[in-house]
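To keep things clear, I will list the structure first and then write my remarks on it.
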Protein chains: 2
Amino acid sequence: MDVKTITTCCDGLLTAPLSEAAAEDLAAAFRVMADPVRLRLLSIIAAQGETCACNLTAPVGKSQPTISHHLSVLTDAGLLRREKRGKWAWYAVIPDRFAVLRDALAATPVAA
Amino acid sequence: MDVKTITTCCDGLLTAPLSEAAAEDLAAAFRVMADPVRLRLLSIIAAQGETCACNLTAPVGKSQPTISHHLSVLTDAGLLRREKRGKWAWYAVIPDRFAVLRDALAATPVAA
DNA sequence: TGTCAATATCGACGACCATCGATGTGACCC
DNA sequence: GGGTCACATCGATGGTCGTCGATATTGACA
């Protein structure tokens, strides 16, 4: 997917017109969240605090390469932190990164 | 794209594991936001309060069918309200709908 | 009714991406 | 070193969707 780290790009999607570049960046950030497997991985890892990748293949029901791929996408986006311990890989969520997306959605638009 | 209306589906993506169905619904909601053209349309319409579709083709730089398609996707998702006046179509954002996505991202996860 | 303007819909094409089998890369153990 | 386990990467494939030209639809106006 070739994901860049999610970075703060605008304050309030609904407050001012987005430039083409800003829209592209924000869309890329949302695209990371736009996959059910990735959402389940995030929710499982967050609920457990820190999780070994070996505990993720079974509950999601996808192949090992697929899970590994999605974990890489989430890590590249800066939503997960990866730590290798021996032959195992441990993942944890980085909650701060979600603030960027929340801020983009937080709006005080003109009443509709 | 065959979009369903965005509906509240979970409180806090990062608080508890998502079911397969909930993950699918939430991913569909994010997928609506995962396109730069749609984000620009939302930001332009929100900034102007209410906008005629005829004012949207030029600033975004896409063909009329493409703009119409994206406006339909956003309307089907419940993010826009469409009102026909004569031969013109007026669009306005429905800010409440964004709360669902914000709530999904609002988390009190176990510290990472 | 006929014409034109503003949108919506259709059909097709192309690009992106989720998925998986096969393979590569380290780490541990004997 | 040989073998095995956990995980990452590669290559190929299939499906989804953004895009646009062509066409249909709807309303305004004469």
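None of these values were measured; they are calculated from a predicted model. So that the names make sense, note that chain A is the first sequence line, chain B the second, and so on, each numbered from 1.
In this structure A:S19 satisfies the side-chain contact (heavy atoms from CB on, under 4.5 Å) test together with A:A21, A:A22, sequence neighbours excluded. Every residue two or more places apart in sequence or in another chain that forms a side-chain contact (heavy atoms from CB on, under 4.5 Å) with A:T57 is listed here: A:I67. Remark: A:S63 engages A:T66 in a side chain to side chain donor-acceptor pair (under 3.5 Å) (not counting sequence neighbours). The side chain to side chain donor-acceptor pair (under 3.5 Å) search around A:R38 returns A:H70, not counting sequence neighbours. Listed by chain and number, the residues in a side-chain contact (heavy atoms from CB on, under 4.5 Å) with A:A77 are A:V3, A:I6, A:V32, A:L79 (sequence neighbours excluded). For A:E24, the side-chain contact (heavy atoms from CB on, under 4.5 Å) partners at least two apart in sequence or on another chain are A:R31, B:P36.
Side chains of A:N55 and A:I44 form no contact here, defined as non-hydrogen atoms less than 4.5 Å apart. Side-chain contact check for A:L105 versus B:M33: some heavy-atom pair is nearer than 4.5 Å. Side-chain contact check for A:L71 versus A:I45: some heavy-atom pair is nearer than 4.5 Å.
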Review item, nucleotides 3-6 of chain C N/O atoms under 3.5 Å of protein N/O:
{"residue": "C:dA5", "atom": "O4'", "partner": "B:K87", "partner atom": "NZ", "Å": "3.4"}
{"residue": "C:dA6", "atom": "O3'", "partner": "B:K87", "partner atom": "O", "Å": "3.4"}

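Annotation: proximity of residues 30-40 of chain B to DNA chain C (heavy atom, distance under 4.0 Å) is found for no residue. The stretch residues 59-74 of chain A touches DNA chain C through A:K62, A:S63, A:P65, A:T66, A:H69, A:H70, each having a heavy atom within less than 4.0 Å of the strand.
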Extract all donor-acceptor atom pairs below 3.5 Å that involve side chains of residues 86-95 of chain A and protein atoms in other chains or at least two apart in sequence.
{"residue": "A:Y91", "atom": "OH", "partner": "A:R82", "partner atom": "NE", "Å": "3.4"}

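Residue pairs that meet the salt bridge (Lys or Arg N to Asp or Glu O under 4.0 Å) test with at least one member in residues 47-62 of chain A, sequence neighbours left out, are A:E50-A:R85.
In this structure, the CD atom of A:E24 is 12 Å from the C1' atom of C:dC16, given to the nearest Å. Distance A:N55 CG to D:dA6 P: 11 Å, rounded to the nearest Å.
Closest heavy-atom contact between B:L39 and A:A27: CD1-N, 3.4 Å. Closest heavy-atom contact between A:V37 and A:V60: CG1-CG1, 3.8 Å.
Axis deviation across the helix from C:dT1-D:dA30 to C:dC30-D:dG1 amounts to 20°, comparing end segments of five pairs, rounded to 10 degrees.
For A:R85, no side-chain nitrogen or oxygen approaches OP1 or OP2 of C:dA27 to under 4.0 Å.
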